[in-house]
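To find a chain, count down the sequence lines: A is the first, B the second, and so on, and within it residues start at 1.
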There are 2 protein chains.
Amino acid sequence: MNLFDGISENELNKLFACLSPLRKSYYSGEKIFNTYEKINYVAYIESGSIQLSKDDYEGNKVTVVKLSAGDTFGEAFIFTDIEQSGLSIVALEDSRIIFLDYVRLFSSCSNMCVFHKRLTENIVKIMSSRILFLQTRIELLAKKTLRERVLYLLNEQKNLQNKEIFEIPFSREQMAEYIGADRSALSRELSKMKTEGLIDYHKNAFKILLGGKYE
Amino acid sequence: MNLFDGISENELNKLFACLSPLRKSYYSGEKIFNTYEKINYVAYIESGSIQLSKDDYEGNKVTVVKLSAGDTFGEAFIFTDIEQSGLSIVALEDSRIIFLDYVRLFSSCSNMCVFHKRLTENIVKIMSSRILFLQTRIELLAKKTLRERVLYLLNEQKNLQNKEIFEIPFSREQMAEYIGADRSALSRELSKMKTEGLIDYHKNAFKILLGGKYE
DNA sequence: AAAAATTGGTTGCATATGCAACAGATATTT
DNA sequence: AAATATCTGTTGCATATGCAACCAATTTTT
């Protein structure tokens, strides 16, 4: 889902005339927001890529997510009264970002442009899918055993791709990270599950052999 | 955050005239939505309480959340093309619910009522805070050790309440559930942390003795 | 206040899993 | 193709933690 879906180039220009967004370029490595800033914008990455990280209560810097062209961030702070995002946001390559002030976003514009409405709908859509994604992720992480988390991920991907044999879009390292586990522990568990005849896989192609409750 | 915050009784009536919401009553135990239904509404619980549950890939029914008067649900599905919510929603007591069709919610109403805007802003606000909440929860659950998760929760509560000694609003059982752990394991870990002089607590009143990195 | 139910802490036990170190396989660079 | 770097699997080890069973403390019901 892209922030500007369903809005043509031409329409976009009108929209921008009314929203007068900030459009800024950043060099690779340049800081976009620091931890103590308030984020007042729905930000759209036109080009490049960025990284959001956060300081842990222990003081560890933890990567929250990496985003690239076409992605949107900042929408989580719309209308909240959070003065400090707690996020440190840095450009990973030369990047160009459009900042849409959200007060303006949600005021009816003087020109009454139609695509204003479309834009806010898109934002809501992006927020919805983020919520659903996060909820799914929590469900996975709440599972107490590694095996359950693996099966959850595999079933998720199977349903998503609607194929018996499906490709996991992660490296093992990323897969481990996603399910909150150690890489070697994941490898071990996968092997074990294969031996037990629960699943089969070769590289990133997986197949689930037994369904619910392991039967 | 309440869906109707900042909208007076009188204004609400006008708003309802324009949104013509469905207002339904349910008996305790009555089903509100089943797993296969599409949720087209932002639903507001006027009175009573309800429970959302979900079927696991293993076929287990898992409680997602319990909601009560003043809470809102369904906003996660706005403008998504999800045909089946996957949620089974049941009234836990006699309840009254207002359903706001979200197509109507996001169309400019013929009466041009001002509070329409306020309402959509509130929805966005609710979605924002849900996203932030879920993200925090994920951060916690992604921690690999029970101790880290406990400390995360405690620090969260400490910051929230901004007191050195703070009350955890959970029973031990709920606390364990929240951090995705076994209750007895949690008890054990808490004792251990107390012995080690990391934290102190009595019933639900906690105090963190040592800061980041355990020092 | 006696009885019953709920809640929290303790502990033994088996297992799961993080961690580290290494090896083989695969991909990338020279 | 040789050399190097990256990715994945394997394994030993120590520890963390789920689970079950039990007891003590607290709260609720009778």
Side-chain angles (χ1 to χ4, degrees), chain A residues 56 58 60 62-63 66 92 138-154 157 165-207 213-214, chain B residues 56 58 60 62-63 66 92 138-154 157 165-207 213-214:
Chain A
D56 204 284
E58 288 184 333
N60 306 318
V62 182
T63 297
K66 294 178 185 182
L92 290 177
I138 285 180
E139 251 178 78
L140 185 155
L141 289 173
K143 300 278 174 197
K144 280 206 264 300
T145 69
L146 186 46
R147 174 166 299 194
E148 281 178 301
R149 298 204 290 277
V150 169
L151 283 173
Y152 192 101
L153 172 62
L154 294 181
Q157 287 295 324
I165 297 175
F166 48 93
E167 290 276 331
I168 296 291
F170 295 133
S171 71
R172 286 289 183 279
E173 182 67 48
Q174 293 172 320
M175 189 172 166
E177 148 104 55
Y178 185 81
I179 64 179
D182 179 75
R183 184 194 56 78
S184 75
L186 170 61
S187 275
R188 173 171 44 202
E189 189 62 31
L190 286 174
S191 302
K192 210 187 288 178
M193 289 167 77
K194 191 194 258 185
T195 310
E196 293 178 25
L198 247 167
I199 61 171
D200 197 12
Y201 63 92
H202 181 66
K203 309 224 175 166
N204 284 0
F206 283 78
K207 181 171 187 186
K213 276 290 177 209
Y214 315 169
Chain B
D56 205 284
E58 288 184 334
N60 306 318
V62 182
T63 297
K66 294 178 185 183
L92 290 177
I138 285 180
E139 250 178 78
L140 184 154
L141 289 174
K143 300 278 173 198
K144 280 207 264 300
T145 69
L146 185 46
R147 174 166 298 193
E148 281 177 302
R149 297 204 291 278
V150 169
L151 282 173
Y152 192 102
L153 171 62
L154 294 181
Q157 287 296 323
I165 297 175
F166 47 93
E167 291 276 330
I168 296 291
F170 296 133
S171 71
R172 285 290 184 279
E173 182 66 49
Q174 293 172 320
M175 189 173 166
E177 148 104 55
Y178 185 80
I179 64 179
D182 180 76
R183 185 193 56 79
S184 75
L186 170 61
S187 275
R188 172 171 44 201
E189 190 63 31
L190 285 175
S191 302
K192 211 185 288 178
M193 289 167 76
K194 191 194 259 185
T195 309
E196 293 177 24
L198 247 166
I199 61 171
D200 196 12
Y201 61 93
H202 181 67
K203 308 225 177 168
N204 284 1
F206 283 78
K207 180 169 186 186
K213 276 289 176 209
Y214 315 168

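- For A/Glu196 and A/Arg147, the salt-bridge test passes: some basic side-chain N is under 4.0 Å from an acidic carboxylate O.
- Following rounding to the nearest Å, A/Met175 (CE) and D/dT8 (P) show an atom-to-atom distance of 11 Å.
- Of all heavy-atom pairs spanning B/Ala205 and B/Ile165, the tightest one is CB-CG2, 4.2 Å.
- Closest approach of B/Lys143 to B/Tyr152, counting heavy atoms only: CE-CD1, 3.8 Å.
- Look at NE2 on B/His202: it is 12 Å from C1' on C/dG8, rounded to the nearest Å.
- Using a 4.0 Å heavy-atom cutoff across all strands shown, B/Ser187 reaches at least one base atom of the nucleic acid.
- If you measure from atom NZ of B/Lys143 to atom C1' of C/dG18, you get 15 Å, rounded to the nearest angstrom.
- Each of A/Ala185 and B/Ser171 lies near DNA chain C, and the nucleotide nearest B/Ser171 is the one positioned closer to the 5' end.
- Listed pair A/Arg172 / D/dG9 meets the phosphate criterion, a side-chain N or O lying under 4.0 Å from OP1 or OP2.
- Distance CE/A/Met175 to CG/A/Leu153: 5.0 Å, rounded to 0.5 Å.
- Look at CD on B/Gln174: it is 9 Å from P on C/dT7, rounded to the nearest Å.
- Judged by distance alone, with hydrogens and angles left aside, B/Arg183 brings a side-chain donor or acceptor within reach of the base of C/dG9, the pair sitting under 3.5 Å.
- Side-chain N/O atoms of B/Arg188 and base N/O atoms of C/dG8 include no donor-acceptor pair closer than 3.5 Å.
- Taking atom NZ of A/Lys192 as the reference point, atom P of D/dG9 lies 15 Å away to the nearest angstrom.
- Rounded to an integer number of Å, the gap from CG of A/Asp182 to C1' of D/dT11 is 13 Å.
- Rounded to whole Å, the distance from CD on B/Glu189 to P on C/dT11 is 15 Å.
- Picking from D/dG18, C/dC19, C/dT26 the nucleotide with the shortest atom distance to the side chain of A/Lys203 gives C/dT26.
- Between the side chain of A/Arg183 and the backbone N or O of A/Glu173, no donor-acceptor pair lies under 3.5 Å.
- In this structure, CG of B/Leu190 is placed 15 Å from P of D/dA16, rounded to the nearest angstrom.
- Counting only heavy atoms from C-beta on, A/Ala181 has its side chain closest to C/dG18 among D/dG18, C/dG18, C/dA16.
- Applying the 4.0 Å criterion to OP1 and OP2 of D/dT10, one finds that A/Ser184 has every side-chain N and O outside that range.
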